[in-house]
Amino acid sequence: MADYSDFVPDVHFEKIPIKNLVSNQTYQRNLSIAHIQKTAGHFDVRQINPVKVSRRDGINYVFNGQHTIEIVASVSGSRDTPVWCMVYDGMDYTEEADTFAKQQKFVKPLMPYEIFMANIEAGNDDQILIKSLVESYRLRLSSSKGPNCLCAISTIESIYHRYGLNTLDRTLRLCVASWEGEPDSLTANIIKGIALLVTAFGDSLRDDLFQEKVGKFSSREISRSARERKMGSMGYAEVMLSLYNKKTRYPLRWAQLHELQSQRTGVIGNSGGDEQDESEGSLAHTQIRLNAP
């Protein structure tokens, strides 16, 4: 009979009250209170993994699962609550530290696309609604870049949850109308930049003008100029706003965009400084070098 002992951990499982577990070893990372509170707010008992414990000198040392036990304690309101533990006997401190250090080394994390599609299979309403909206613009959600392929899954979910379905709808409409599903237009920063403009200006932002004035420049040109600003999605929004405002009789106010940035970052004031000429916006300090085709 084959011996598989080298491939099966020598452990046993016990239910151990949280109060009898120790998880303050020096090698462990600091507890994230924000993570504990967020996860506790979406508690699902089926998501709890067994806590890995090294029983050394009669003490149960947790080397994988310290956040798990704190989440369960928070939700249950008691450290008397037991959790399932995978107990290792005979490990010393250095072996615990080495196991802790290597435990995530070869784990392949789930990609946003994989998580999103799992939510679709689970019948979760938010993801089903987002997928339907995306497909209404003849786009498809994808894990790889290509024409009409939207890979920025985390971005569209974030816009949906932060700003609402209507903002996501208009963002996609402007993007598709301007660049017709060209792969470089469906990147996270382009989409975020449009969403920032939609959120900052609402109905004051005219869809036809955006398509006419911003859409005549390639998304690659916009990305190149935006990267020079080194401001992430806000830099993309600024570039598109500059193009939109150029030779416009009633330009949109830069202060409104910067106020939105202040709300997002918690910084009071205008991050871009007072506008010298709203028709040109911050072109006074960062010249955009784009040539329309």
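These numbers come from a predicted model, not from an experiment. Side chains included, hydrogens not; waters and symmetry mates left out as well; all remaining heavy atoms used.
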Q: Is there a path of hydrophobic side-chain contacts, each under 4.5 Å between heavy atoms of I/L/V/M/F/W/Y residues, joining Val22 to Ile69?
A: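 In one cluster with Ile69: Val22, no.
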
Q: For the atom pair CG (Leu197) and CD (Gln256), what is the distance rounded to the nearest 0.5 Å?
A: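 Those atoms lie 11.0 Å apart.
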
Q: With rounding to the nearest 0.5 angstrom, report the NE2 to CD distance, His258 to Glu238.
A: 4.0 Å

Q: Within the 3.5 Å criterion, strictly below it, is a donor on Ser154 or Glu157 matched to an acceptor on the partner's side chain?
A: no

Q: Which pair of non-hydrogen atoms, one from Ile194 and one from Met240, has the smallest distance, and what is that distance?
A: N-CE, 3.6 Å

Q: Contact between Leu141 and Phe116 at the side-chain level, heavy atoms closer than 4.5 Å - yes or no?
A: yes

Q: Just by distance, with hydrogens left out, do Asp3 and Ser5 show a side-chain donor and acceptor under 3.5 Å apart?
A: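 There is such a pair between these side chains.
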
Q: In plain terms, say whether Lys131 and Glu135 are close enough for a salt bridge, that is, a side-chain N and a carboxylate O under 4.0 Å apart.
A: yes

Q: Between Tyr27 and Phe100, is the gap from one ring center to the other below 6.0 Å?
A: yes

Q: Check the pair Glu70 / His35 against side-chain hydrogen bond (donor to acceptor under 3.5 Å, both in side chains), numbers first and verdict last.
A: CA-CA 10 Å; Glu70 296 305 325; His35 172 72; over 6 Å; no

Q: Do we see a donor-acceptor contact under 3.5 Å between the side chains of Glu14 and His12?
A: yes

Q: Could you measure the distance from the CZ atom of Phe210 to the CZ atom of Phe201? Nearest 0.5 Å is fine.
A: 11.5 Å

Q: Is it true that Asp10 and Tyr88 share a donor-acceptor pair across their side chains at a distance under 3.5 Å?
A: no

Q: Report yes or no: do Phe63 and Leu21 belong to one cluster of Ile/Leu/Val/Met/Phe/Trp/Tyr joined by side chain heavy-atom distances under 4.5 Å?
A: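 No; tracing contacts between hydrophobic side chains, which count when under 4.5 Å, never links both residues.
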
Q: Any chance you could measure Leu172, atom CG, to Ser136, atom OG, to the nearest 0.5 Å?
A: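 One finds 7.5 Å between CG of Leu172 and OG of Ser136.
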
Q: Determine whether the side chains of Glu182 and Ser219 contain a donor N or O and an acceptor N or O closer than 3.5 Å.
A: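 Yes, side-chain donor-acceptor contact under 3.5 Å.
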
Q: Does atom CG of Asp44 have more than 12 heavy-atom neighbours, drawn from other residues, nucleotides or ligands, at distances under 6.0 Å?
A: yes

Q: Ile115 and Ile153: same hydrophobic cluster, using ILVMFWY side-chain contacts below 4.5 Å?
A: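 Per the 4.5 Å side-chain linkage, Ile115 and Ile153 are not co-clustered.
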
Q: For a quick check under 3.5 Å, do Gln28 and His67 share a side-chain donor-acceptor pair by atom type?
A: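 There is no such pair between these side chains.
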
Q: Between Lys213 and Thr248, is any side-chain donor less than 3.5 angstrom from a side-chain acceptor?
A: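 Distance-only check passes for Lys213 and Thr248.
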
Q: Quick one, Thr167 with Tyr160, criterion side chain to side chain contact (heavy atoms under 4.5 Å, CB included). Give me CA distance, side-chain angles, the key distance, then yes/no.
A: CA-CA 7 Å; Thr167 295; Tyr160 170 79; over 6 Å; no

Q: Going by the side-chain hydrogen bond (donor to acceptor under 3.5 Å, both in side chains) test, name the single residue among Ser223, Ser218, Ser225 that passes it with Glu221.
A: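 Among Ser223, Ser218, Ser225, the one that satisfies the side-chain hydrogen bond (donor to acceptor under 3.5 Å, both in side chains) with Glu221 is Ser218.
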
Q: So does Asp89 pair up with Arg56, basic N to acidic O under 4.0 Å?
A: no

Q: Do the side-chain N and O atoms of Gln211 and Ser178 include a donor-acceptor pair separated by under 3.5 angstrom?
A: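 No.
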
Q: Could you check whether Tyr61 and Tyr93 have their ring centres less than 6.0 Å apart?
A: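 Here the rings of Tyr61 and Tyr93 have centres that are no less than 6.0 Å from each other.
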
Q: How far does CG of Leu196 sit from CG of Leu241, to the nearest 0.5 angstrom?
A: 11.0 Å

Q: Roughly how far apart are Arg162 CZ and Leu168 CG, rounded to 0.5 Å?
A: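 Answer for the CZ-CG pair, Arg162 versus Leu168, is 14.5 Å.
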
